[in-house]
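Here the structure comes first, spelled out in structure tokens, and everything after it is commentary.
Just so you know, these numbers use all the heavy atoms, side chains as well, and skip hydrogens, waters and symmetry mates. Proteins get letters first, then strands, A, B, ... in listed order; numbering begins at 1 in each.
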Amino acid sequence: LPEDFDWREKGGVTEVKNQGACGSCWAFSTTGAAEGAHFVSTGKLLSLSEQQLVDCDQACDPKDKKACDNGCGGGLMTNAYEYLMEAGGLEEERSYPYTGKRGHCKFDPEKVAVRVLNFTTIPLDENQIAANLVRHGPLAVGLNAVFMQTYIGGVSCPLICSKRNVNHGVLLVGYGSKGFSILRLSNKPYWIIKNSWGKKWGENGYYKLCRGHDICGINSMVSAVATQVSS
Amino acid sequence: VEDLTIRQVTADNRRIRPNLLGTHTESKFRLFMSDYGKNYSTREEYIHRLGIFAKNVLKAAEHQMMDPSAVHGVTQFSDLTEEEFKRMYTGVADVGGSRGGTVGAEAPMVEVDG
């Protein structure tokens with residue numbers, strides 16, 4: 001594994017987006033993973049439609065039928081992959097733009113830009129997560145967002161952050177080996193996370209989170225997706 | 001005539017807090033409003049959000065103590081309660097601590113030693 005790795009430097013990550021006042025982080029995390037997987041397989045970066053997922057996806061978790069994708073009311077990235085495999089794929093952002101509100105489903109299968117072939121969850125091990133990140137592209141992850149409400153910058157390494165309350169879907173795009181921690185008086189490794197709250201939040205829309213301790217449940221809900229170019 | 005039998009003695013989150021008006025906190029709140037283009041339709045709403053903002057400034061200070069390698073402070077979410085913030089800006093469905101997804105779909109282990 002490389003010591004430092006960042007898919008942004010390789011051109012595999014679209015601009016930071018903004019979900020607005022809508023609980024659709026799960027849709028942004030899903031499209032981010034699909035955008036990255038498409039980039040890895042084709043070398044082309046496309047911005048894909050979250051609104052399609054917000055409007056059309058009502059898939060439920062196979063193990064918990066109450067955990068269903070529900071527009072601005074929340075959802076799961078793994079449910080969204082299931083929906084995409086069944087629906088035929090994702091349209092581009094420009095053909096199905098984001099509005100921040102749930103509307104009628106306007107998905108047009110003829111406009112599909114990227115098809116989802118399969119997906120997988122990643123083992124609860126930070127080295128495995130890093131290896132899959134490097135191999136498959138940016139990964140959809142869930143975390144506990146409690147410290148993100150007040151985050152401005154730097155490497156977040158909270159002393160206490162519950163691993164259980166995973167409530168926010170984001171995109172893991174890379175990792176670094178040396179982020180300075182004042183408390184521990186040393187350089188600590190960290191994850192580079194793309195958020196969907198616009199560029200004015202955090203470090204130009206990005207969050208750096210301490211790596212190595214499953215901080216805020218970052219290891220607990222990680223998934224990768226495999227895509228195919230629409231013919 | 002005031003009913004002396006039942007009388008509210010607990011804090012009401014929507015109660016007007018005139019003690020924050022004219023303070024340094026209100027100056028910071030006005031700066032926050034201008035930075036993030038915030039507007040409140042009524043005076044009552046303004047004072048309500050000012051109260052939340054004051055609490056969130058304290059929360060940011062607590063977060064700073066608990067997370068010293070990051071910088072915490074006023075953000076675009078500083079006028080929201082924690083419940084509002086979670087409802088409007090997060091959105092991963094509650095799966096009770098499980099991982100979600102199809103059984104048996106876990107990726108094979110990759111060799112990472114060295």
Side-chain angles (χ1 to χ4, degrees), chain A residues 1 19 21-26 61-64 67-70 72-76 78-79 82 119-123 127-128 130-132 135 142 145 147 149-160 164 166-169 179-184 188 197 200-201 210 220-221 223-224, chain B residues 28 32 34-38 52-114:
Chain A
L1 285 171
Q19 69 188 73
C22 167
S24 54
C25 61
W26 59 276
D61 186 87
K63 287 186 276 186
D64 182 355
C68 300
D69 290 352
N70 179 29
C72 293
L76 287 173
T78 44
N79 289 350
E82 296 269 14
F119 70 95
T120 178
T121 53
I122 309 297
N127 282 330
Q128 291 296 316
N132 279 281
R135 180 177 281 187
F147 280 85
Q149 186 176 1
T150 57
Y151 174 80
I152 289 175
V155 177
S156 185
C157 203
L159 298 173
I160 303 166
R164 285 175 163 245
V166 170
N167 54 18
H168 187 44
F180 187 68
S181 167
I182 296 165
L183 188 72
R184 294 169 175 91
K188 302 298 288 183
W197 295 342
K200 282 186 91 173
W201 178 85
C210 220
S220 58
M221 191 185 278
S223 56
Chain B
K28 280 179 81 173
F32 158 79
S34 131
D35 282 353
Y36 293 105
K38 301 267 184 173
I52 294 169
F53 178 82
K55 285 182 181 174
N56 279 331
V57 169
L58 292 176
K59 182 198 263 188
E62 279 173 26
H63 281 184
Q64 189 63 72
M65 280 168 61
M66 290 174 70
D67 185 15
S69 54
V71 179
H72 289 270
V74 172
T75 69
Q76 68 222 66
F77 307 118
S78 292
D79 61 343
L80 301 176
T81 64
E82 194 169 322
E83 191 280 327
E84 288 171 328
F85 166 70
K86 279 186 195 164
R87 177 166 42 83
M88 293 193 283
Y89 292 96
T90 63
V92 162
D94 183 8
V95 281
S98 80
R99 309 180 62 192
T102 314
V103 177
E106 188 166 276
M109 297 296 274
V110 181
E111 178 59 54
V112 291
D113 286 349

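- Rounded to the nearest 0.5 angstrom, A:Q128 CD and A:I122 CD1 are separated by 8.5 Å.
- For chain B, the nearby part of A:S24 is the backbone; its heavy atoms alone come within less than 4.5 Å.
- Interface remark: A:Q19 contributes side-chain atoms only to the contact with chain B (heavy atom separation under 4.5 Å).
- B:E84 places a side-chain heavy atom less than 4.5 Å from the side chain of B:R87.
- Using a 4.5 Å cut-off between heavy atoms, A:N70 does not touch chain B at all.
- Ranked by heavy-atom pairs under 4.5 Å with chain B, the first of A:G153, A:A131, A:C72, A:A67 is A:G153.
- Aromatic pair B:F85/A:W197: centroids less than 6.0 angstrom apart.
- Among the candidates A:S223, A:A145, A:G169, A:G75, the residue making the largest number of heavy-atom pairs closer than 4.5 Å to chain B is A:G75.
- With chain A as the partner, the residue from B:K86, B:M109, B:Q64 showing the most heavy-atom pairs under 4.5 Å is B:M109.
- Remark: B:L58 CG is packed, more than 12 non-hydrogen atoms of other residues, nucleotides or ligands lying under 6.0 Å away.
- Distance alone, capped at 3.5 Å, places no donor-acceptor pair between the A:T120 side chain and the A:A224 backbone.
- Nearest heavy atoms, B:V110 versus A:R135: CG1-NH2, 3.8 Å.
- For B:E82, the parts sitting under 4.5 Å from any heavy atom of chain A are the backbone and the side chain alike.
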